[in-house]
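Structure first, then comments.
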Number of protein chains: 2
Amino acid sequence: MATRRAPKLDKKQAVDTALRLLDEVGLDGLTLRAIARELDVQAPALYWHFKNKQELLDEMATEMYRRMVAGQRIAPGATWQERLTAASTGLRTALLGYRDGAKVYSGSRFTGTEHAVRLEENLQAFVTAGFTLPQAVRALTTAYLFTLGFVTEEQGVEPAPGERRDGFDVTERAARMADFPLAATAGAELFQDFGQGFEESLRLLIAGIEARYGVA
Amino acid sequence: MATRRAPKLDKKQAVDTALRLLDEVGLDGLTLRAIARELDVQAPALYWHFKNKQELLDEMATEMYRRMVAGQRIAPGATWQERLTAASTGLRTALLGYRDGAKVYSGSRFTGTEHAVRLEENLQAFVTAGFTLPQAVRALTTAYLFTLGFVTEEQGVEPAPGERRDGFDVTERAARMADFPLAATAGAELFQDFGQGFEESLRLLIAGIEARYGVA
DNA sequence: AAATCTCCTTAACGGCGTTAAGTGATACGG
DNA sequence: CCGTATCACTTAACGCCGTTAAGGAGATTT
């Protein structure tokens with residue numbers, strides 16, 4: 001009674017391969033045929049494991065989240081400020097870890113309920129810190145959605161770390177904007193040092209939560 | 001000397017038609033052939049006016065912005081808080097005005113420099129109110145990117161006002177989340193009353209700007 | 001009248017997501 | 001030990017996509 005020969009393909013491996021390929025070819029190049037080729041399989045084989053391409057993308061987003069959570073260690077005694085900052089910068093780093101990461105991620109939905117573990121933890125920590133549940137939800141959601149918007153824009157300008165999309169050379173942009181001096185200067189502020197800008201925005205948000213919800 | 005026969009197609013009309021069609025068929029259904037059909041023209045004709053589909057989408061995003069600005073009247077004596085709120089809720093309303101509005105908008109880039117007029121105005125107002133330029137940029141950008149993230153998520157759950165994507169029935173979601181009581185309750189908070197949630201987030205942000213930059 | 005320019009048409013290319021049908025290996029019921 | 005069912009794939013094909021090539025009709029210029 002030999003066990004059934006292992007299938008060529010399993011879900012986990014397909015998702016891992018797709019994520020690796022994403023970095024090489026970007027979202028536009030991430031076709032089912034290309035993924036299949038990488039897995040040494042014909043494209044329709046993927047339909048045995050995923051009901052369609054979106055379901056594969058959903059699994060990819062879920063796996064991105066899983067890896068992010070696995071890579072985050074939050075100190076047990078962390079303040080809510082530290083927790084919110086860690087969650088947000090962690091999400092940004094995770095999304096920046098893949099070409100078009102933000103687009104893939106925010107165009108998809110988690111499968112299962114695994115993701116709720118960390119969410120529950122975060123909400124719990126906030127409630128313990130003195131927030132009402134609606135306040136906790138609002139605070140965390142605001143940071144979360146800001147981060148998604150931020151990285152989407154960031155990757156629109158800088159698809160992969162280092163390379164820059166056309167029309168976003170900072171000095172050339174400043175020239176085009178000559179009639180709008182403040183906006184021209186703003187360009188440099190906006191399109192350089194994304195990391196610093198991101199952290200400053202988080203500080204703004206945290207200051208607002210402290211002020212408005214009275215939890216310091 | 002009769003004037004040259006008017007061309008069947010002009011850029012402005014093509015963009016308007018594409019935006020109207022977007023509402024009917026969504027971004028996935030917005031193909032060049034469908035747009036061309038609506039314009040009573042063959043698909044390749046569009047390549048006379050646009051270098052490729054992305055350029056048409058860029059023009060669509062620019063037109064969305066143009067209409068948004070045209071529809072906004074800011075009181076001359078408005079405070080920076082009112083201005084930031086008006087800009088953000090105005091952007092949200094504008095994006096919600098089109099099916100997949102946020103995706104189209106944030107996947108595209110403005111053509112020309114027309115958009116800088118309003119940006120310059122806003123920066124000017126903030127500087128006059130006592131902000132440094134980097135502070136003004138940070139404040140406005142944070143609100144802007146949060147809004148993009150928010151509406152992207154909102155339209156992911158509710159593609160068109162009223163209709164809801166699968167898996168986002170609020171009570172059904174709560175059932176799936178039974179093991180995570182806070183997260184389950186959070187769902188109701190998150191996926192209902194988007195408008196109220198949005199405004200509360202803005203208030204958080206404004207409170208943070210006041211607190212951190214000391215401009216009340 | 002010839003040449004040119006403008007703006008569109010027809011035809012076609014390669015590639016896409018997806019479906020239908022078939023096929024060989026493995027497990028299981030008699 | 002054999003037939004049948006099930007699993008996990010392959011091959012073939014469909015309709016559609018963005019885009020390019022080539023051409024042509026009409027207005028304008030020479």
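Proteins come first, then strands; the chains are lettered A, B, ... in the order of their sequence lines, and each starts at number 1.
Note: A:Arg164 CZ to A:Asp169 CG = 8.0 Å, rounded to the nearest 0.5 Å.
A:Gln42 has its CD atom 13 Å from the P atom of C:dC16, to the nearest Å. For the pair A:Leu32 CG and D:dA13 P, the interatomic distance rounds to 20 Å; values are reported in whole Å. The CD-C1' distance, from B:Gln13 to C:dC7, rounds to 14 Å in whole Å. Remark: P of C:dG15 and CG of A:Asp28 are 15 Å apart, rounded to the nearest angstrom.
One axis for each end of the helix from C:dA1-D:dT30 to C:dG30-D:dC1, each built from five base pairs, and the angle between them comes to 10° at 10° resolution.
Of the residues in residues 43-59 of chain B, those with a non-hydrogen atom less than 4.0 angstrom from any atom of DNA chain D are B:Pro44, B:Tyr47, B:Asn52, B:Lys53.
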Solution key, residues 180-198 of chain A side-chain donor-acceptor pairs under 3.5 Å, sequence neighbours excluded:
from	atom 1	to	atom 2	distance (Å)
A:Thr185	OG1	A:Pro181	O	3.0

Could you give the side-chain donor-acceptor pairs of residues 19-38 of chain A under 3.5 Å, partners two or more places apart or in another chain?
from	atom 1	to	atom 2	distance (Å)
A:Asp23	OD1	A:Arg99	N	2.7
A:Thr31	OG1	A:Ala34	N	3.0

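Sorted by first and then second residue, the pairs that involve residues 90-123 of chain B and meet ring pair (Phe, Tyr, Trp, His ring centres under 6.0 Å), not counting sequence neighbours, are B:Tyr65-B:Phe110, B:Tyr105-B:Phe110, B:Phe110-B:His115. For residues 104-118 of chain B, the set of pairs meeting the salt bridge (Lys or Arg N to Asp or Glu O under 4.0 Å) definition, not counting sequence neighbours, comprises A:Glu153-B:Arg109, B:Arg66-B:Glu114, B:Arg118-B:Glu121.
Taking A:His49 as the reference, nothing meets the ring pair (Phe, Tyr, Trp, His ring centres under 6.0 Å) condition, with sequence neighbours excluded. With sequence neighbours excluded, the residues satisfying ring pair (Phe, Tyr, Trp, His ring centres under 6.0 Å) with B:Phe126 are B:Trp80, B:Phe131. A search for salt bridge (charged side-chain N to carboxylate O under 4.0 Å, His left out) contacts involving B:Glu172 returns B:Arg176, not counting sequence neighbours.
Listed pair B:Arg33 / D:dC16 fails the phosphate criterion, with no side-chain N or O lying under 4.0 Å from OP1 or OP2.
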